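Just so we're on the same page: letters track the sequence lines, and every chain starts at 1. Fair warning: this is a prediction, and the values are worked out from it, not measured in the lab.
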Amino acid sequence: MLNKKQIRYCLDEIAKMFPNAECELEHANPFELVIAVVLSAQCTDALVNKVTKDLFKKYQTPEDYLQVPLEELQNDIKSIGLFRNKAKNIQKLCKSLIEEYGGEVPHSKEELIKLAGVGRKTANVVASVAFGEPAIAVDTHVERVSKRLGICKWKDSVLEVEETLMKKVPKEEWSVTHHRLIFFGRYHCKAKNPNCPECPLLDICREGQKRMKDR
DNA sequence: AACTCGGGGCA
DNA sequence: TGCCCAGAGTT
């Protein structure tokens, strides 16, 4: 397991690789961000951005999403996959926003995660990106990279990965950390063919060293 | 803990 | 054409 100093080294090196790692979803306000992140589950940000361009023109408020039949909303987002569930969840989510939060998006992770279609990862992204709350969103990239590098244990659950990161990274850097790890995982430390030979972290990465030895 | 939901992108 | 990608909800 890497200690705090080693993790700091990793994050600094990744920061050099991706100097402007930030949320790739297009949004103008917290409400749009919530919708975009809910839509982004199990699909790429690029694909979501294609849909949200028109979607955000058509729907500006939670009320707008409830004024159309479910089938119409499903049709508006059908190109992203899992659209039936996502459309249902968005209407439920909008209903909750109106009835429980005065039409506004709540700021805390604890409130966000209660919303339909919002899980731990989405709640963390919205809290940190929209409201600047300290949070580390653990998606598949963050989980994989954390395990390969040795930041956490291989058998850790998603929640345990998140807790370990929060424990070992200073709170002020939680938000930027999750973006750094996501970029690192998506573009360099890929699931299939991680670019270990050109990785600046090879000397510290247990999985990288193992892979290089096995070649 | 395992299963289901569903498309686009790419070889 | 078939494999790969990416979370939430339910049981």
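- Counting any heavy atom pair closer than 4.0 Å across all strands shown, Val118(A) reaches sugar-phosphate atoms only and no base atom.
- A donor-acceptor pair under 3.5 Å links the side-chain atoms of Glu32(A) to the main chain of Ala28(A), judged by distance alone.
- Side-chain rings of Tyr65(A) and Phe31(A) approach one another, their centers coming within less than 6.0 Å.
- Regarding Lys88(A), its NZ atom lies at a distance of 16 Å from the P atom of dT4(B), rounded to whole Å.
- Counting non-hydrogen atoms under 4.0 angstrom, Lys192(A) reaches the backbone sugars and phosphates but no base.
- Across the P atoms, dG9(B) and dA8(C) are found 22 Å apart, a figure rounded to whole Å.
- Residue contacts for Thr140(A): at a heavy-atom cut-off of 4.0 Å it reaches the sugar-phosphate backbone alone, with no base atom in range.
- Look at CG on Leu47(A): it is 14 Å from C1' on dC10(B), rounded to the nearest Å.
- As rounded to the nearest Å, dG8(B) and dG9(C) have P atoms that lie 23 Å from one another.
- Rounded to an integer number of Å, the gap from CD1 of Ile182(A) to P of dA6(C) is 11 Å.
- The listed nucleotides are dG7(B), dG9(B), dG7(C); the one nearest the side chain of Lys50(A) is dG9(B).
- In summary, the side chains of Gln67(A) and Tyr59(A) do not present any donor paired with an acceptor at a separation below 3.5 Å, with no hydrogens or angles considered.
- Between the CZ atom of Arg144(A) and the P atom of dC4(C) there is a distance of 14 Å, rounded to whole Å.
- Regarding Lys114(A), its NZ atom lies at a distance of 14 Å from the P atom of dG9(C), rounded to whole Å.
- Here Arg84(A) reaches the OP1 or OP2 of dG6(B): one of its side-chain N or O atoms lies under 4.0 Å away.
- His141(A) has its NE2 atom 7 Å from the C1' atom of dA6(C), to the nearest Å.
- Toward the 5' end of DNA chain C, the nearer of the two residues Ala191(A) and Gly119(A), judged by each one's closest nucleotide, is Ala191(A).
- Distance alone, capped at 3.5 Å, places no donor-acceptor pair between the Asp54(A) side chain and the Val51(A) backbone.
- The residue Ile80(A) sits close to a base: some heavy atom pair falls under 4.0 Å.
- Counting to the nearest Å, the P atom of dA8(C) and the CG atom of Leu115(A) are 12 Å from each other.
- With rounding to the nearest 0.5 Å, the separation of CG in Leu55(A) from CG in Asn49(A) is 11.5 Å.
- The gap from the P atom of dA6(C) to that of dA11(B) amounts to 16 Å, rounded to the nearest Å.
- Side-chain nitrogen and oxygen atoms of Thr122(A) include at least one within less than 4.0 Å of the OP1 or OP2 phosphate oxygen of dA8(C).
- With rounding to whole Å, Glu143(A) atom CD is found 10 Å from dG7(C) atom P.
- Each of Gln42(A) and Gly117(A) lies near DNA chain C, and the nucleotide nearest Gln42(A) is the one positioned closer to the 5' end.
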